[in-house]
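A short write-up of the structure that comes next.
For reference, positions follow the sequence shown, starting with 1. For clarity, every value in this text was computed on a predicted model and none was experimentally measured.
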Amino acid sequence: MQVQSELYSLARIVEEAKVWHFNVPIYQRLYVWGDDQVQTLLNDLINAFEGKTPLFFLGGTVLVEQQSDERGRYFDLIDGQQRFTTLWLLCRAWAKALAPFLTVKTSDGMEAPRLRFAIRPEVNHLLQALASGSHDGTLPEEPGAERIGQAIAQMQSVFARRQQAASEQAVDWEGLSRFVFEQVKFVITTVPRETDLNKLFEVINNRGVQLQHHEILKARMLEKLDDAERGAYAVMWEACADMENYVERALSGVSDLPAYMVCEELHVAGKLHDAGALRQLLARQQGNPCERQSRSLTDILNGISVSNSSAKEEITGVQKSETRVRSIISFPLLLQHALRIWLFEKDSDDLPRVLDRELLALFETHFFRQPSTEMADAHKVRSFIDLLWRLRVLFDTHVIKWVDQGDEEVHQISQVSISSSKGRSYINRSRDTDAHRGFALLQSMLYHSQEITTHYWLTPLLLQLHRHAENGADQHFRYLQHLDNHLLCSAADEPLALRTWSFMKEPWQTRELAHRHELEDEKKGVRFAHYWFYKLEFVLWYQNEKKRSTDEMWRNFRLTAKNSVEHISPQTPSQYDDNRVSKEVLNCFGNLALVSRSINSEYGNLPFNEKRQRFLNKNKNRLDSLKMALIYEHETWSDDKARQHQEEMIDCLSEYIRQCDEQRPGEF
């Protein structure tokens with residue numbers, strides 16, 4: 001048998017004459033995909049289905065065929081097993097048209113999972129239970145098993161999550177499952193069993209990194225410019241593209257500009273976001289060899305680099321104490337938010353939607369499509385990259401990042417300060433101090449509660465920062481409060497793309513609010529949008545902060561990812577629980593909280609007093625939920641207390657929104 005590569009769908013595999021079995025070898029990792037990776041795939045699948053995409057390409061999978069027989073063909077998954085396992089789990093979570101891929105018939109006529117893990121009996125028992133529908137919710141204490149359970153729960157709740165802000169129409173589940181079964185395709189490369197696996201792994205592990213879409217877009221942009229200006233615009237683009245760093249650090253890393261010069265000539269002068277000022281500095285530096293660090297031919301031949309002297313530190317400003325950060329969005333997503341603002345300022349139509357994987361198609365249609373002269377093309381490119389640079393600097397100044405604090409990553413807008421060394425000034429970013437705690441926490445709430453592959457709220461916020469860069473963080477914070485209240489708490493049902501475009505036109509518009517109507521529904525239970533729980537956590541913190549509370553646990557509260565709705569009084573209470581609520585109150589907002597899946601599983605159907613004690617034990621040093629902290633101030637629980645808590649929470653939201661509306665300016 002030779003190496004073969006063919007395009008397959010799940011439907012084609014199911015239709016093969018001989019049944020295909022897939023095995024994850026012992027030397028492969030167990031399932032490790034996290035929430036973000038799973039959610040991104042789910043969003044991409046739904047977006048492709050709704051966009052009527054004829055083919056969704058999932059990537060490649062490498063298989064080694066083992067000894068096959070009359071019962072079927074057997075393959076070891078060598079590469080792409082994380083994606084493949086996710087696809088199998090999706091077949092279990094969404095079922096419907098996908099169900100035939102789950103299992104194969106064994107020689108004795110029994111149904112067995114099509115996927116198995118070598119020498120992992122507990123995981124295989126879990127897959128068997130999932131495939132047969134007999135899984136009772138318990139997970140083995142095997143590495144990877146918990147991630148499998150979390151992924152399936154996430155897949156099952158994806159449709160509810162998409163409608164958190166009442167912005168998306170219900171998804172055709174049957175049609176979506178048929179789309180995944182027939183139109184999601186991947187290249188399967190099969191190699192013979194006698195293949196030298198050591199050489200195969202060497203090829204897989206050392207293969208080149210695929211050219212990214214934004215790099216292709218950069219090439220298309222820069223080809224419109226002449227040679228004299230292309231270098232400066234390339235530097236600006238490459239610095240913006242480094243989303244795992246602050247932009248001033250990235251700028252020093254991709255140019256000849258020392259970190260002190262970026263600080264003194266741009267930041268201190270208030271011109272860091274000024275693309276024209278940056279290009280002037282780059283041109284001046286290019287023509288000033290005394291300021292540039294260079295190596296002699298002897299140095300090069302002897303392997304002496306600039307890093308062997310203090311010059312390297314002067315160029316990059318890299319210090320051992322630098323804060324490690326990562327962005328809340330990808331560079332392709334930032335490019336699309338920038339394109340929306342660019343189109344808005346050109347009085348052009350908006351993008352139909354923000355979608356990472358359609359970056360090139362969106363720019364082709366909405367940026368390059370207009371017939372124009374070479375001069376006009378160059379002007380478009382200059383104006384877009386200038387805008388991109390300005391937005392990236394404002395993004396780093398005012399938008400949260402994941403900041404590494406040693407033992408954890410937190411959302412933070414880092415405090416900026418200036419330090420001096422040897423008579424030169426440098427930009428410092430603190431990893432311990434928020435520049436504006438409320439502004440950061442509100443953004444963290446929006447990050448956790450909205451779709452991670454779009455974050456539509458960022459476009460009107462970035463436009464506001466762009467148009468009013470002279471404003472302080474307090475003013476930007478007030479605008480984001482208003483945007484959140486009237487964009488996401490409103491009764492509007494149009495998609496978020498349309499709504500955010502409307503707020504770009506009328507940033508301080510008001511809309512009819514829906515929080516009371518939504519939260520007084522006593523039958524929703526787990527169908528309550530997660531957004532309301534996240535928002536309430538922020539509002540409770542904010543109202544407490546306004547009272548100048550000295551409670552450090554409340555003041556230091558941070559939001560974390562949560563994805564399970566917990567019943568305070570359980571759905572299936574034990575007979576000895578004296579704090580049970582009635583069926584009428586069971587699913588009301590007052591008897592619910594948002595928790596992580598692990599907490600939801602731990603609390604389960606425990607009676608109120610046991611849940612309360614566990615919460616108090618776990619929250620001695622840091623509060624995980626302010627709503628639950630208020631609930632567990634009660635030593636007992638009842639219908640009256642659940643309804644009272646619900647009314648207090650709704651009133652708290654109403655009072656917060658009223659206060660925000662009073663702070664709204666007249667004509668802005």
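For the residue pair Gln150/Gln154, the side-chain donor-acceptor check at 3.5 Å is not satisfied. A donor-acceptor contact under 3.5 angstrom links the side chains of Thr459 and His337, judged on distance only. Side-chain atoms of Trp457 and His455 include a donor-acceptor pair closer than 3.5 Å. Residues His466 and Glu345 have side chains that bring a donor and an acceptor to within less than 3.5 angstrom of each other. Defined by atom type and a distance below 3.5 Å, a donor-acceptor pair is missing between the side-chain atoms of Gln646 and Glu520. Side chains of Asn591 and His645: no donor on one and acceptor on the other come within 3.5 Å. Counted by atom type alone, Arg622 and Asn556 present zero donor-acceptor pairs between their side chains at under 3.5 Å. At a cut-off of 3.5 Å, with distance as the only test, a side-chain donor of Asn43 or Gln39 sits close to an acceptor on the other residue.
Electrostatic pairing of Lys535 and Asp484 counts as a salt bridge here, judged by a charged N lying under 4.0 Å from a carboxylate O. Residues Arg527 and Asp521 are not paired through a salt bridge, judged by the lack of any N-O separation under 4.0 Å between the basic side chain and the carboxylate. Electrostatic pairing of Glu215 and Lys218 does not count as a salt bridge here, judged by no charged N lying under 4.0 Å from a carboxylate O. Ion pairing of Glu494 with Arg511 is present here, as a side-chain N (NZ or NE/NH1/NH2) and a carboxylate O approach within less than 4.0 Å. For Arg558 and Asp624, the salt-bridge test fails: no basic side-chain N is under 4.0 Å from an acidic carboxylate O. Salt-bridge check for Arg324 with Glu244: failed, with every basic side-chain N at 4.0 Å or more from each acidic carboxylate O. Using a cut-off of 4.0 Å between Lys/Arg side-chain N and Asp/Glu carboxylate O, Arg429 and Glu248 are scored as salt-bridged. Between Glu647 and Arg516 there is a salt bridge, since a side-chain N of the basic residue sits under 4.0 Å from a carboxylate O of the acidic one. A salt bridge links Asp396 with Lys401; the closest basic N to acidic carboxylate O contact falls under 4.0 Å. Ionic pairing of Arg326 and Asp404 is not present here: no N-O contact between side-chain nitrogen and carboxylate oxygen is shorter than 4.0 angstrom. Between Arg437 and Glu545, none of the side-chain N atoms (NZ, or NE/NH1/NH2) sits under 4.0 Å from a carboxylate O, so this pair counts as no salt bridge.
In terms of heavy atoms, Val262 sits closest to Ser252 at CG2-OG, 3.7 Å.
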Go through the steps for Gln412 and Ile400 under the test side chain to side chain contact (heavy atoms under 4.5 Å, CB included), then give the verdict.
CA-CA 5 Å; Gln412 183 175 301; Ile400 57 172; over 6 Å; no
Go through Phe503 and Tyr456 one step at a time and tell me if the ring pair (Phe, Tyr, Trp, His ring centres under 6.0 Å) criterion holds.
CA-CA 11 Å; Phe503 273 88; Tyr456 281 109; over 10 Å; no
Steps toward salt bridge (Lys or Arg N to Asp or Glu O under 4.0 Å) verdict (Arg249, Asp242):
CA-CA 9 Å; Arg249 295 181 192 165; Asp242 184 358; over 6 Å; no
Between Phe557 and Glu537, is the side chain to side chain contact (heavy atoms under 4.5 Å, CB included) condition met? List the steps.
CA-CA 9 Å; Phe557 174 73; Glu537 294 290 305; 3.3 Å; yes
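The aromatic rings of Phe533 and Phe528 sit perpendicular, their planes meeting at an angle over 60°, well past the 30° parallel limit. Between His482 and Tyr479, the two ring planes are tilted [angle within 30° to 60°]. Relative ring orientation between His411 and Trp402 is described as tilted, the plane-to-plane angle lying within the 30° to 60° band. Using cut-offs of 30° and 60° for the angle between ring planes, the Phe384 and Trp342 rings count as perpendicular.
Relative to the ring axis of Phe368, Arg220 places its NZ or CZ within 45° and under 6.0 Å from the centre. With Phe367 as the aromatic partner, Lys346 does not meet the cation-pi criteria of under 6.0 angstrom to the ring centre and within 45 degrees of the ring axis.
Taking the six-membered ring for Trp and the full ring otherwise, His273 and Trp389 have centroids separated by 6.0 Å or more. A centroid separation of 6.0 Å or more is found between the aromatic rings of Phe56 and Phe49. Taking the six-membered ring where the residue is Trp, the centroids of Phe344 and Trp501 are separated by under 6.0 Å.
If you run ring-ring contact (aromatic ring centres under 6.0 Å, His included) between His398 and each of His476, His436, His468, only His476 comes through.
In this structure a side-chain-to-backbone donor-acceptor pair under 3.5 Å is missing from Thr365 to Leu362.
To the nearest 0.5 Å, atoms NE2 (His213) and CG (Asp356) are separated by 9.0 Å.
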